[in-house]
Amino acid sequence: MRNKYELKTEDQIRKMRVAGLLTQKALEAVRANIKPGVTTLELDRIAEQTIRAGGGRPNFQLVPGYYHTICASVNSEVVHGIPSNRVLSAGDLVSIDCGAEVDGWNGDSAFSMVVPGRDDAQTRERQRQSDVCEGSLWAGIAALARAKRLNEVGVEIEKYILDRGNYGILEQYVGHGIGRSMHEDPAVFNYRVRDQGPKVEPGLCVAIEPMITAGNQRTEVLADDWTVATKDGSDGAHWEHSVAVHSRGIWVLTAQDGGFEGLKPFGVTPVPLD
Ligand code: MG
Ligand code: MG
């Protein structure tokens, strides 16, 4: 099958790295402000200010019908939560997804964390769920570094998660190609599929984003038409990075260090573009 998406040149990947690092900067600014009493709308403003000050624009606002810079999904919400006057409490499990566009190129990244200030069995379980989701993201990125075919990524993500607990892996929502648009082909699955997927070759740029629940994988879209929440009320977690394959290796575009620390446990060393 012919590629329906664009393979990026190294110059284009360098531009995507600018967008990726601005995305990460916005997420770091949000992370530093996650504490009891903050609203998700305040976090949204912090992300927007960071992106605009950095010369970019929030690419979530380019999605028809969406007017915010981040998605903020709390506890049983997994993805696509709309920022609001909801106040975060100690021990909440919050997932923040964000993207910046700079000079026509896009970044997309997400993290989960437990709002500090509470330590009990539930918050430890939530932290563990976030850690497993994050680890599965790095397992998937490491798989991409070695893969001949893209769908090897999902095999490793699924294995990493199911080896560590009885978590549900969302199947209705998957990762994607990224470039001039935030969402491009090809799909990046977080689980094993029959098809091998496209060839992994220089210029392939993808957003890998495992989404897991503490229960089963069934979700519903809430009345706001955006928020994806678990049907069984269990907690959701979501981690994401945008990653480029180039002629000498891979580079995580939305990590300051290109993924060096995250990939270390998997024996993979990212290779800078210059
Ligand atoms: Mg995202
Ligand atoms: Mg994405």
Side-chain angles (χ1 to χ4, degrees), residues 5-6 8 16-17 19-31 34 40 43-44 46-48 50-51 56-74 77-83 93-102 105-113 130 133-134 136-138 140-141 144 150 153-154 157 169-191 197 204-212 219 221 226-229 236-245 252-255 259 262:
Y5 50 88
E6 176 185 33
K8 282 79 181 176
M16 288 183 66
R17 187 179 54 188
L21 290 177
L22 186 55
T23 300
Q24 196 53 43
K25 194 174 179 186
L27 284 173
E28 285 307 320
V30 169
R31 188 198 300 266
I34 290 182
T40 53
L43 299 175
D44 187 71
I46 289 163
E48 175 162 13
T50 307
I51 289 171
R57 57 175 179 166
N59 56 16
F60 285 21
Q61 294 181 13
L62 305 176
V63 176
Y66 201 77
Y67 306 103
H68 294 92
T69 297
I70 63 172
C71 291
S73 309
V74 185
E77 301 168 357
V78 193
V79 287
H80 302 171
I82 304 177
L93 175 55
V94 60
S95 302
I96 305 290
D97 194 352
C98 184
E101 185 207 67
V102 181
W105 295 92
N106 287 275
D108 187 7
S109 182
F111 70 92
S112 297
M113 70 176 271
S130 175
C133 191
E134 182 184 13
S136 77
L137 168 61
W138 290 111
I141 297 171
L144 180 70
L150 183 60
V153 169
I157 290 174
I169 303 173
L170 267 61
E171 294 189 2
Q172 277 173 295
Y173 303 89
V174 296
H176 49 90
I178 182 164
R180 296 179 199 269
S181 299
M182 179 172 53
H183 294 133
E184 299 183 350
D185 279 344
V188 183
F189 300 99
N190 295 311
Y191 46 90
L204 179 69
C205 295
V206 289
I208 302 177
E209 49 178 320
M211 292 155 258
I212 68 171
T219 57
V221 177
W226 284 100
T227 310
V228 175
H238 176 213
W239 281 80
E240 175 177 27
H241 273 305
S242 303
V243 189
V245 179
V252 181
L253 300 165
T254 44

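Note that these values count all heavy atoms, side chains included, but never hydrogens, waters or copies made by symmetry. In each ligand, atom 1 is the first atom listed, and ligand 1 is the first ligand listed. Please read all numbers here as calculations on a predicted model, not as lab measurements.
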Item to check | Distance below 2.8 Å from the Mg ion (ligand 1): protein N/O/S atoms | outcome: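 Atoms qualifying: Asp97 OD1, Asp97 OD2, Asp108 OD1, Glu240 OE1.
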Checklist entry - Does a side-chain heavy-atom distance below 4.5 Å link Asn106 with Glu184? => result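 SC-SC contact between Asn106 and Glu184 ruled out.
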Checklist entry - Trp239 versus Ser130: any side-chain heavy-atom pair under 4.5 Å? => result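 Yes. Closest side-chain heavy atoms under 4.5 Å.
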Checklist entry - Any Lys/Arg nitrogen of Glu28 or Lys25 sitting under 4.0 Å from an Asp/Glu carboxylate oxygen of the other? => result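 Salt bridge between Glu28 and Lys25, a charged N being under 4.0 Å from a carboxylate O: no.
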Checklist entry - Within the side chain of Ser109, is there an N or O that forms a donor-acceptor pair under 3.5 Å with the backbone of Glu240? => result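 Pair found, side chain donor or acceptor close to backbone of Glu240.
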Item to check | Heavy-atom donor-acceptor pair, Asn190 side chain to Glu209 backbone, under 3.5 Å | outcome: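 Pair found, side chain donor or acceptor close to backbone of Glu209.
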Checklist entry - Relative to the ring of Trp138, is the ring of His241 parallel (under 30°), tilted (30 to 60°) or perpendicular (over 60°)? => result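 Aromatic pair His241/Trp138 classed tilted.
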Next on the checklist: Among the N/O/S atoms of His176, which is closest to the Mg ion (ligand 2)? Give the atom name.
Outcome noted: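 Nearest N/O/S atom: NE2.
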